[in-house]
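Everything below concerns the one structure shown next.
Scope of the values below: all heavy atoms of this structure, side chains included, with no hydrogens, waters or symmetry mates.
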Amino acid sequence: MLVSAVLFSASAGAAKYINNISNIHPLQITFVRFAIGTIFALVFMFNKNLSFKPVNSKLIFFRVIFNTSAVILFFMGIQYTSLTESNMLNMTYPAFVFILSPFINKEQICLEYVFYLLLSMFAIILILNPAINGINYGNALSLVSAVLAGFGVSVLRESRKYDSSVVILFYLMAVGGIFNFFMMIPYYKNVGLYVWFVIGVSGLFGVAGQFAL
């Protein structure tokens, strides 16, 4: 989980850098991430001769919906706020996993951890720091992304009881990439090789983070 968090942060850092040097839409960045992930998962599945038929397609479907939405909202959030605040808010998703675990994973909540949950919620308020004019748009997107990621991780834990991580990742990247592609079409812009290179780096870090997760 720690390695996953570091890799996701590196991916976000590269994405923020892209926003600073170009005016491309975040959907173009996330599409490359999904495309790279699909290729990696395909190669791995062919090498291991794994079946593409999922055991529990319903759970995989919900995993795709929650995670794809979380990734897109997070990268959109980076565009409108600081990388630090966006990343800190996004990384609060374990708190939401904790809240959701009794409902999705049928796990018992240890009362001792409720204290830490309350601290996390207080930290979220401090980061958001609501002003008279309201909450920063980018921070709001990042927080919603964390909530959706919490749902996604909880569903992933259930889905892993039936299907392998690679099969789940393949459908996440492939179906999420198709969804992302059609959303990206109106915003697509051609950029230089250097920007494409940085987008690729961001995508590779993001995919590595998904594998680690």
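Side-chain heavy atoms closer than 4.5 Å link hydrophobic residues (I, L, V, M, F, W, Y) into clusters, and following such links, possibly through other members, connects I36 to Y194. Note: the hydrophobic cluster containing V6 does not contain V207 (ILVMFWY, side chain heavy atoms under 4.5 Å, direct or indirect links). Cluster annotation: I29 and I39 are assigned to distinct hydrophobic clusters (Ile/Leu/Val/Met/Phe/Trp/Tyr, side-chain heavy-atom contacts under 4.5 Å, transitive). At a threshold of 4.5 Å between side-chain heavy atoms, the hydrophobic network of Ile, Leu, Val, Met, Phe, Trp and Tyr places M121 and V144 in one connected group. Both F182 and L73 are part of a single hydrophobic cluster, where members link through side-chain heavy atoms under 4.5 Å apart.
Distance alone, capped at 3.5 Å, is enough to place a donor-acceptor pair between the S202 side chain and the S11 backbone. In terms of modelled atom types and a separation under 3.5 Å, the side chain of Q28 and the main chain of K189 share a donor-acceptor contact. The main-chain N or O of F98 is found under 3.5 Å from a side-chain atom of S101 such that the two form a donor-acceptor pair. Between the S120 side chain and the Y116 main chain, a donor and an acceptor come within less than 3.5 Å of each other. S4 contributes no side-chain N or O that, together with a main-chain N or O of A212, makes up a donor-acceptor pair within less than 3.5 Å. Side chain of T68 to main chain of V64: a donor-acceptor pair is present (N/O by atom type, distance under 3.5 Å, no hydrogens or angles).
For residues 140-164, the salt bridge (Lys or Arg N to Asp or Glu O under 4.0 Å) pairs, not counting sequence neighbours, are E107-R157, E158-K161. Contacts classified as ring-ring contact (aromatic ring centres under 6.0 Å, His included) and involving residues 9-58 (residues at least two apart or in different chains) are given here: H25-Y187, F31-F181, F46-F52, F52-F170.
The shortest side-chain heavy-atom distance between V55 and V167 does not fall under the 4.5 Å cut-off. Side-chain atoms of M183 and I72, non-hydrogen and from C-beta on, do get closer than 4.5 Å to each other. Counting heavy atoms from C-beta outward, F8 and M91 have side chains that approach closer than 4.5 Å. Within the 4.5 Å cutoff, side-chain heavy atoms of V71 are placed close to those of R33.
Scanning both residues, V166 and M45, for their nearest heavy atoms gives CG1-CG, 3.4 Å. For the pair N136 and G138, the tightest heavy-atom approach, listed with the atom from each and the gap, is OD1-N, 2.7 Å. The two residues A12 and N87 make their nearest non-hydrogen contact at CB-OD1, 3.9 Å. Across every non-hydrogen atom of A95 and L117, the tightest pair is O-CD1, 3.7 Å. Nearest approach of V32 to G200, heavy atoms of both residues: CG1-CA, 4.3 Å. In terms of heavy atoms, Y93 sits closest to A146 at CB-O, 3.4 Å.
Remark: I24 CD1 to Y188 OH distance equals 9.5 Å, nearest 0.5 Å. To the nearest 0.5 Å, the span separating OG on S22 from CH2 on W196 amounts to 10.0 Å. Summarising the geometry, atom OG belonging to S142 is positioned 12.0 Å from atom OH belonging to Y80; distances are rounded to the nearest 0.5 Å. Separation of atoms CG (L156) and OG (S165) is listed at 6.5 Å; rounding is to 0.5 Å. Rounded to the nearest 0.5 angstrom, N20 CG and I78 CD1 are separated by 10.5 Å. The distance from the CG atom of L27 to the CD1 atom of I185 is 11.0 Å, given to the nearest 0.5 Å.
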- [ ] Go through the steps to decide whether T38 and L42 satisfy the test side chain to side chain contact (heavy atoms under 4.5 Å, CB included), and finish with yes or no.
- [x] CA-CA 6 Å; T38 301; L42 269 175; 4.2 Å; yes

Test side chain to side chain contact (heavy atoms under 4.5 Å, CB included) applied to L143 and F96, step by step | CA-CA 11 Å; L143 182 58; F96 299 105; 4.1 Å; yes

### Query
Can you check side chain to side chain donor-acceptor pair (under 3.5 Å) on N139 and E85, steps first, answer last?
CA-CA 7 Å; N139 286 351; E85 291 183 352; 3.0 Å; yes

Side chain to side chain contact (heavy atoms under 4.5 Å, CB included) evaluation trace for F61 with V175:
CA-CA 9 Å; F61 171 78; V175 179; over 6 Å; no

Report the C-alpha distance between L59 and I168 in whole Å, list the side-chain angles of each, state the deciding distance to 0.1 Å, and finish with yes or no for side chain to side chain contact (heavy atoms under 4.5 Å, CB included).
-> CA-CA 9 Å; L59 285 174; I168 298 169; over 6 Å; no

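Legend: residues meeting side chain to side chain donor-acceptor pair (under 3.5 Å) with S159, ordered by chain and number and at least two apart, are absent.
Summarising the local packing, CZ of F211 is surrounded by more than 12 heavy atoms from other residues, nucleotides or ligands at distances under 6.0 Å. Surrounding CE of M88 are at most 12 heavy atoms belonging to other residues, nucleotides or ligands under 6.0 Å away.
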